[in-house]
Amino acid sequence: MPELPEVEVLKRSLEPHLVGRRIRSVEVREVRLREPVRPKLLARHCAGRRIVRLRRRSKYLLADLEGGYTLVIHLGMSGRLTLAEPATPAEPPELHEHVTFLLAPGGASRKPQRLRFRDPRRFGLVLSLKTATLDRDRHFAHLGVEPLSEAFSGGLLAHRAAGRRAPVKSFLMDARNVVGVGNIYVCEALFRAGIHPFRSAGRIALRRWDTLAGAIVEVLCRAIEQGGTTLNDFLDGEGNPGYFRTALDVYGREGEPCRRCRRPIRRKVLSQRSTFYCPGCQH
DNA sequence: CGTAGACCCTGCGCGC
DNA sequence: TGCGCGCAGGGTCTAC
């Protein structure tokens, strides 16, 4: 479900509600996520602690807590993190609501609330780590550059891609090279840059890397402005969908005419992922 | 080291 | 209506 724009939108939507607010307790009713949830550890790090700030790294949402710990949440493919009004005692949790954070009154709300983590496919992740050493943790240590940071550039990508024979699409989706770019936005950025997704990463000229880096930044920023892309079930923390779907040029448009040249958009499978592109505009 | 492929899991929409 | 199939925005692990 979520790529960088969706996680960024989620973060911004939750910020006014969560920053400064205290977590009362944590309920875990399913530990079998991408990695086993550790309920006792999570409770020890979270319970009674205030959320100091929210951050995003790659597709991870981070909540720094008092006491030097950071709550780490990844939505995988089907995860959703939403605020809910106080639960009445009789109200059951949602189906697949694996973790619930009970929040004390505060932030934008005078009432206690629940922050609900729901994830049918269980590819997501909920854990807590020491804030000071987060970057050295195995989840983060290998991660590449943030595409919306100053450090990101075509030159950086070109340097890393030198000599690589893998398709440029695979190269861009490898988080060791650049983070946050998933299957939707990689297709969109490659279309905007006029680059064929199957072209070897090592066989792209520097000028085209500059164009591509610009296209990545552009498409991510536009998507954030539109609240992300809702295909089936993406919602932000307040339950709002995103509206970037109508702006997609190639993703999910197999057989439909290219907006630029009118030739039908093609779909091919690359490492088990659908890859959409225009055979006329991308080379 | 880089690369290709299998795998993890549930739900949905489609054609029959 | 029911069933089987392919598909889905994530990441990790293995074999070569």
Side-chain angles (χ1 to χ4, degrees), chain A residues 1-10 29-37 56-61 72-81 94-98 117-127 137-144 147 159-190 197-203 216 219-220 223-224 226-236 241-255 267-276:
Chain A
M1 176 202 318
E3 301 183 33
L4 184 152
E6 288 72 34
V7 181
E8 183 63 30
V9 166
L10 176 67
R29 50 189 80 76
E30 173 61 81
V31 300
R32 294 174 302 166
L33 302 186
R34 195 170 99 205
E35 290 169 23
V37 180
R56 179 192 58 71
R57 172 71 170 119
S58 184
K59 296 166 187 164
Y60 293 86
L61 179 68
V72 178
I73 293 175
H74 196 290
L75 300 181
M77 291 277 250
S78 58
R80 186 188 289 178
L81 193 64
E94 270 186 306
L95 188 61
H96 304 301
E97 185 180 328
H98 307 312
F117 176 82
R118 177 178 182 269
D119 183 11
R121 293 177 74 181
R122 293 192 271 115
F123 290 167
L125 203 55
V126 177
L127 70 150
D137 179 80
R138 64 192 168 84
H139 299 280
F140 301 96
H142 69 280
L143 291 179
H159 181 71
R160 286 197 64 93
R164 301 289 197 88
R165 292 177 317 141
V168 59
K169 188 203 182 206
S170 305
F171 173 84
L172 292 174
M173 290 185 74
D174 185 337
R176 290 170 296 187
N177 299 319
V178 55
V179 301
V181 185
N183 204 33
I184 295 180
Y185 298 110
V186 74
C187 291
E188 295 300 310
L190 286 166
F198 286 74
R199 172 174 284 274
S200 284
R203 295 190 59 257
I216 290 169
V219 76
L220 295 178
I224 290 169
Q226 295 298 308
T229 300
T230 299
L231 294 179
N232 292 311
D233 52 4
F234 170 72
L235 299 176
D236 72 13
Y243 298 98
F244 195 69
R245 185 176 188 174
T246 55
L248 297 176
D249 288 319
V250 288
Y251 187 88
R253 294 192 68 240
E254 182 184 16
R267 184 181 81 92
K268 282 191 179 175
V269 174
L270 174 62
S271 5
Q272 281 98 252
R273 314 300 291 272
S274 284
T275 303
F276 299 90

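When the nucleotides B:dT10, B:dA4, C:dG11 are ranked by their closest atom to the side chain of A:His96, B:dT10 comes out on top. Of the candidate nucleotides B:dG11, C:dG11, B:dA4, B:dA4 has the atom lying nearest to any side-chain atom of A:Ala166. With distances taken from any side-chain atom of A:Pro167 to the nucleotides B:dT3, B:dG11, B:dA4, the minimum falls on B:dA4. Picking from C:dG9, B:dT10, C:dG11 the nucleotide with the shortest atom distance to the side chain of A:His74 gives C:dG11.
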Practice prompt. Step by step, work out the side-chain contact (heavy atoms from CB on, under 4.5 Å) result for A:Leu75 and A:Lys59.
Written response: CA-CA 8 Å; A:Leu75 300 181; A:Lys59 296 166 187 164; over 6 Å; no
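Using a 5.5 Å limit on the distance between ring centres and a 30° limit on the angle between planes, the aromatic ring of A:Phe123 does not count as stacked on the six-membered base ring of B:dC9.
Take the nearest nucleotide of DNA chain C for A:Tyr60 and for A:Thr230: the residue whose nucleotide is more 5' is A:Thr230. Judged by closest nucleotide on DNA chain B, A:Ser271 is the one of A:Arg122 and A:Ser271 placed further toward the 5' end.
Proximity of A:Gln272 to the phosphate of B:dG5: no side-chain N or O atom is located under 4.0 Å from OP1 or OP2. The shortest distance between the side-chain N/O atoms of A:Lys59 and the OP1/OP2 oxygens of C:dG9 is not below 4.0 Å. OP1 or OP2 of C:dC7 lies within a sub-4.0 Å distance of a side-chain N or O belonging to A:Arg267. Phosphate contact (OP1/OP2 of B:dG2, side-chain N/O of A:Arg164, threshold under 4.0 Å): present.
Going from atom CG of A:Asn177 over to atom C1' of C:dG11 covers 15 Å, rounded to whole Å. The CE atom of A:Met173 sits 15 Å away from the C1' atom of B:dT3 (whole-angstrom rounding). As a whole-Å value, the separation of A:Arg121 CZ from C:dG6 P is 16 Å. Counting to the nearest Å, the C1' atom of C:dG11 and the CG atom of A:Asp119 are 12 Å from each other. Between the P atom of C:dG10 and the OH atom of A:Tyr251 lies a distance of 8 Å, rounded to the nearest Å. To the nearest angstrom, P of C:dG11 lies 9 Å from CG of A:Leu143. C:dG10 atom P lies 14 Å from atom CZ of A:Arg56, rounded to whole Å.
Atom CZ of A:Arg165 has 12 or fewer heavy atoms from other residues, nucleotides or ligands within 6.0 Å.
Between A:Leu172 and A:Val178 the shortest heavy-atom distance is O-CG1, 3.5 Å.
Here A:Ser274 lies in heavy-atom contact (under 4.0 Å) with sugar-phosphate atoms only. Within the nucleic acid shown, A:Arg273 comes within 4.0 Å of at least one base atom, counting heavy atoms only. Base contact: A:Asn232 has a heavy atom under 4.0 Å from a base atom. The residue A:Tyr185 sits apart from the nucleic acid: no heavy atom pair falls under 4.0 Å.
Considering A:Lys268, A:Glu254, A:Arg267 in turn, A:Arg267 is the only one that fulfils the side chain to side chain contact (heavy atoms under 4.5 Å, CB included) rule with A:Ser274.
In this structure C:dA15 sits in a base pair with B:dT3, meeting the Watson-Crick or G-U test at under 3.5 Å.
A:Arg118 contributes no side-chain N or O that, together with a main-chain N or O of A:Arg80, makes up a donor-acceptor pair within less than 3.5 Å. A distance-only check finds no donor-acceptor pair linking the side chain of A:Asp236 to the backbone of A:Val9 [under 3.5 Å].
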